[in-house]
Amino acid sequence: MSSATLPPHVRFIERDWLNANHVLLLGTDQNILIDTGFFSQAGKTLRRLALPENLGARRLHRIINTHCHCDHVGGNAALKSIYACEITVPGGEAEIVRQWDRKGLWLDYADHRGERFALDSAMHDGDRFHGGGLEWRAIAAPGHDMGALMFYCEEKELLISGDALWEQSFGLVLPDPPECLEAARAALNSIAHLSVRHVLPGHGKVFSNVAEALDRAFKRVEYFAQDPERLARHAIKAMFAFTLLDRGRLPLAALPEYLVRVPGFAELNAKYLHFTPGDLAQWMVSQLEKAGAARREDGWLLSQ
């Protein structure tokens, strides 16, 4: 579904899998950006915003984040330094951001990177705001991130879903605590009870086949619910694939030590997978190669 079919003051800016997509809501009184991408790509984010069909020479007044993982808040600091804009995060993550809890933000936990920023306000389930000439309601979307929010416009039947629902899946869910997967199911149920014409996801294209996407997502939840090890395998692969995408390459010889040094990988392996460091590295490489996400070359593991 082309973003051209969206209301005239709603701009969907599609990015890649390192960066979350942006939704730009243009208005006469304020311009709002939902999610800001990865911090090392902030320059590209600024250039995309500066295109005449997006923000152009207008001012950005406010950033609102669906949740606070590094691919969604990575441009916050850079954009605030330029536009002096307000930053609003989900209420469930406000204290994590204030304290810059590197584990809670998945930075140290999965060796992800991010630039610290100062928040100005928090938004909670049920709160409403105006953007793009429309009213939006915040809806709790836990699971992938237990504090996450979605934003729903009833008038135009639009849903900014963050990582709660993509066309083919949803954001990775950790097996611990166990209620995370049930929370993801609850978020999907919340979407199922809405009248949604178009979903503007955190990753991938705008889509309108919402019932089909939900069916795939519910089946995926059921698949993971049958065996926590499945969920752990998926989580560790997805977290590592993102890290590799950011770094571009990692030395194969150092991979066993690296995977036991990073807390998230080490904890999931120790509790669920029980690989030796060498076997974990070999398994990870083979899984990413099989998925077409990585390749080996001259002693390096390269992101595809």
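Worth knowing before you read on, the calculation uses all heavy atoms, side chains too, and leaves out hydrogens, waters and symmetry mates.
A donor-acceptor contact shorter than 3.5 Å links the side chain of Asp125 to the backbone of Ala140. A distance-only check finds no donor-acceptor pair linking the side chain of Arg59 to the backbone of Leu55 [under 3.5 Å]. Glu115 places no side-chain N or O within donor-acceptor distance of the main-chain N or O of Ala77, the cut-off being under 3.5 Å. Side-chain atoms of Arg62 never come within 3.5 Å of backbone atoms of Thr88 as a donor-acceptor pair (strictly under, hydrogens ignored).
Relative orientation of the His67 and His144 rings is perpendicular, given thresholds of 30° and 60° on the angle between their planes. Ring geometry, Phe129 versus Phe151: the interplanar angle exceeds 60°, so the pair is classed perpendicular (tilted spans 30 to 60°).
Nearest heavy atoms, Ala235 versus Leu174: CB-CD2, 4.1 Å.
Cation-pi geometry between Arg113 and Phe39 is not met at under 6.0 angstrom from the ring centre and within 45 degrees of the axis.
Put simply, Ile191 and Trp166 are part of two different groups of oily side chains (I, L, V, M, F, W, Y) that touch within less than 4.5 Å, one to the next. Phe275 and Val260 fall into different hydrophobic clusters, defined by Ile, Leu, Val, Met, Phe, Trp and Tyr side-chain heavy atoms under 4.5 Å apart, directly or through other members. The cluster map of Ile, Leu, Val, Met, Phe, Trp and Tyr, joined by side-chain heavy atoms under 4.5 Å apart, puts Val89 and Leu33 in the same cluster.
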Please output the side-chain donor-acceptor pairs of residues 238-245 that fall under 3.5 Å, not counting sequence neighbours, one pair per line with the distance.
from	atom 1	to	atom 2	distance (Å)
Thr243	OG1	Ala110	O	2.9
Thr243	OG1	His112	NE2	3.4
Thr243	OG1	Met239	O	3.1

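When each of Ile13, Leu24, Ile63, Ile160 is checked for a side chain to side chain contact (heavy atoms under 4.5 Å, CB included) with Ile34, only Ile160 meets the rule. A side chain to side chain donor-acceptor pair (under 3.5 Å) with Arg15 is found for exactly one of Thr45, Asp35, Asn21, namely Thr45.
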Audit row: Lys219, Glu222, salt bridge (charged side-chain N to carboxylate O under 4.0 Å, His left out) steps and yes/no: CA-CA 5 Å; Lys219 287 178 179 176; Glu222 290 302 322; over 6 Å; no
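Within the 4.5 Å cutoff, the side chain of Pro201 has heavy atoms near those of the Phe12 side chain.
Heavy atoms of other residues, nucleotides or ligands lying less than 6.0 angstrom from CG of Asp29 number more than 12. Residue-environment remark: CD (Glu154) stays at or below the threshold of 12 foreign heavy atoms within 6.0 Å. Heavy-atom neighbours of Glu157 CD from other residues, nucleotides or ligands within 6.0 Å: above the threshold of 12. The number of heavy atoms from other shown groups lying within 6.0 Å of NE2 (His274) is above 12. Applying the 6.0 Å contact sphere to NZ of Lys44 captures no more than 12 heavy atoms from other residues, nucleotides or ligands.
Not less than 6.0 angstrom separates the ring centroid of Phe38 from the ring centroid of Trp17.
For the residue pair His72 / Asp145, no side-chain donor-acceptor distance below 3.5 Å is found, with atom types taken as modelled.
Here Leu51 is tied to no hydrophobic group at all, with no ILVMFWY side chain closer than 4.5 Å.
With sequence neighbours left out, Glu257 forms a side chain to side chain donor-acceptor pair (under 3.5 Å) with Arg261.
Between Asp120 and Lys80 there is a salt bridge, since at least one side-chain N of the basic residue sits less than 4.0 Å from a carboxylate O of the acidic one.
Remark: Asn76 CG to Ile64 CD1 distance equals 11.5 Å, nearest 0.5 Å.
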